[in-house]
Amino acid sequence: MWNYEKRLQYPISITTPNAKLASFIISQYGGPDGELSASMRYLSQRFSAANPRVAGLLTDIGTEELAHLEMIGSIVRQLTKGLSAKELENAGFAPYYIDHTAGVWPQAAGGIPFNACEFQSSGDAIADLVEDMAAEQKARKTYDNILRLATDPDVADPIRYLREREIVHFQRFGEANREDCSNLEFNSQTKLYLRRVEWNYFSICADFLYISGVFLYFF
């Protein structure tokens, strides 16, 4: 159960509309690496997380991603509010305007609608957490690209805040992955061996059975 606080996580007050920029930023509303995908990914994965601390983290971050979705929606709305149909057309926003006027609708910058196939909930804690870390880096990359195009500080400041949160989430998922791996133990009866592979700032661990030169993965 959620309690909704009627304020944005970071204040947004855009004084200069810019529909062209809105058409880019909307990708973080409904694009493949956007906030809607992130929130649905984590809030779905939490149900199969056996470790209660990992499940709690997925719930916390998934909830925060909903707040980020609200921020992106507010940015898109403020960037297009009050513009005439002609102004929207001149900014390249006409195809979107025909279907949605100036409403906020989940799609990528390229016009592709949001699709649940853009995220996974595999039921495997290691697979999910590694995907989550990759997702946070892809979102960070998208915010980097937006910041290269956003010169208005009213827009750049909240985007920069969102980018910082992606980095924090990446770190938290890395910690969760290490904790989840630490619960795996050697089983002498099944001859499963715990192998830890260091990669970048986090660890991937898995059980392998060595048979005639072939490693078989167990979960």
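Applying the salt bridge (charged side-chain N to carboxylate O under 4.0 Å, His left out) criterion to Glu64, with sequence neighbours excluded, gives Arg165. Thr63 pairs by the side-chain hydrogen bond (donor to acceptor under 3.5 Å, both in side chains) definition with Trp2, not counting sequence neighbours. Thr16 pairs by the side-chain hydrogen bond (donor to acceptor under 3.5 Å, both in side chains) definition with nothing, not counting sequence neighbours. Every residue two or more places apart in sequence or in another chain that forms a side chain to side chain contact (heavy atoms under 4.5 Å, CB included) with Ala156 is listed here: Leu147, Arg160. For Lys141, the side chain to side chain contact (heavy atoms under 4.5 Å, CB included) partners two or more places apart in sequence, or in a different chain, are Asp33, Asn145. Looking at residues two or more places apart in sequence or on another chain, you find a side chain to side chain contact (heavy atoms under 4.5 Å, CB included) between Ser84 and Lys86, Glu87. For Ser122, the side-chain hydrogen bond (donor to acceptor under 3.5 Å, both in side chains) partners two or more places apart in sequence, or in a different chain, are Asp128. For Ala102, the side chain to side chain contact (heavy atoms under 4.5 Å, CB included) partners two or more places apart in sequence, or in a different chain, are Arg77, Thr80. Residues satisfying the side-chain hydrogen bond (donor to acceptor under 3.5 Å, both in side chains) test with Glu35, not counting sequence neighbours, are Tyr143.
For the atom pair CD (Glu89) and CG (Leu83), the distance works out to 13.0 Å, reported to the nearest 0.5 Å. With rounding to the nearest 0.5 angstrom, the CD atom of Glu118 is 8.5 Å from the CG atom of Leu36. The distance from atom CG of Asp157 to atom CG of Asp152, rounded to the nearest 0.5 Å, is 9.0 Å. To the nearest 0.5 Å, atoms CG (Asp132) and CG (Leu58) are separated by 6.0 Å. Distance check, rounded to the nearest 0.5 Å: CE of Met71 to CG of Leu8 gives 7.0 Å. Leu162 contributes atom CG, which lies 9.0 Å from atom CD1 of Ile146 (distance to the nearest 0.5 angstrom).
Closest heavy-atom contact between Met40 and Leu66: CE-CD2, 4.5 Å. When all heavy atoms are compared, the tightest approach of Arg140 to Ile167 is CG-CG1, 4.0 Å. Of all non-hydrogen atoms in Phe119 and Ser44, the two that sit nearest each other are CE1-OG, 4.3 Å. Closest approach of Ala67 to Gln9, counting heavy atoms only: CB-OE1, 3.8 Å. Across all non-hydrogen atoms, the minimal contact from Gly123 to Ser48 is CA-OG, 3.6 Å. Closest approach of Ser74 to Ile12, counting heavy atoms only: CB-CD1, 4.2 Å.
Not a single donor-acceptor pair under 3.5 Å links the side chain of Ser37 to the backbone N or O of Gly34. Using a distance-only test at 3.5 Å, with no hydrogens or angles considered, a donor-acceptor pair links the side chain of Gln78 to the main chain of Ile14. The closest donor-acceptor contact from the side chain of Ser27 to the backbone of Phe24 lies at 3.5 Å or more, if one exists at all. A donor-acceptor pair under 3.5 Å links the side-chain atoms of Asp124 to the main chain of Ala127, judged by distance alone.
Remark: the Gln28 side chain and the His68 side chain contain no N/O donor-acceptor pair separated by less than 3.5 Å. For the 3.5 Å distance criterion, the side chains of Ser13 and Asp154 fail to qualify, holding no donor opposite an acceptor.
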For Gln120 and Gln45: C-alpha separation, side-chain torsions, deciding distance, then whether side chain to side chain contact (heavy atoms under 4.5 Å, CB included) applies.
CA-CA 8 Å; Gln120 174 64 293; Gln45 291 174 354; 5.6 Å; no
**OP:** Test side chain to side chain contact (heavy atoms under 4.5 Å, CB included) on Glu65 and Glu166 and set out the steps.
**Re:** CA-CA 10 Å; Glu65 302 291 13; Glu166 306 298 346; 4.2 Å; yes
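Note on residues 80-102: pairs passing ring pair (Phe, Tyr, Trp, His ring centres under 6.0 Å), not counting sequence neighbours, are Phe93-Tyr96, Tyr96-His100, His100-Trp105. Residue pairs meeting the salt bridge (Lys or Arg N to Asp or Glu O under 4.0 Å) criterion with at least one partner in residues 37-50, sequence neighbours excluded, are Arg41-Glu131. Legend: ring pair (Phe, Tyr, Trp, His ring centres under 6.0 Å) pairs involving residues 31-55, not counting sequence neighbours, sorted by first then second residue: Tyr42-Phe173.
Contact annotation: the side chain of Ile75 approaches that of Ile159 to within less than 4.5 Å [non-hydrogen atoms, C-beta and beyond].
By the rule that hydrophobic residues join a cluster once side-chain heavy atoms approach within less than 4.5 Å of another member, Leu149 and Val155 end up as members of one cluster.
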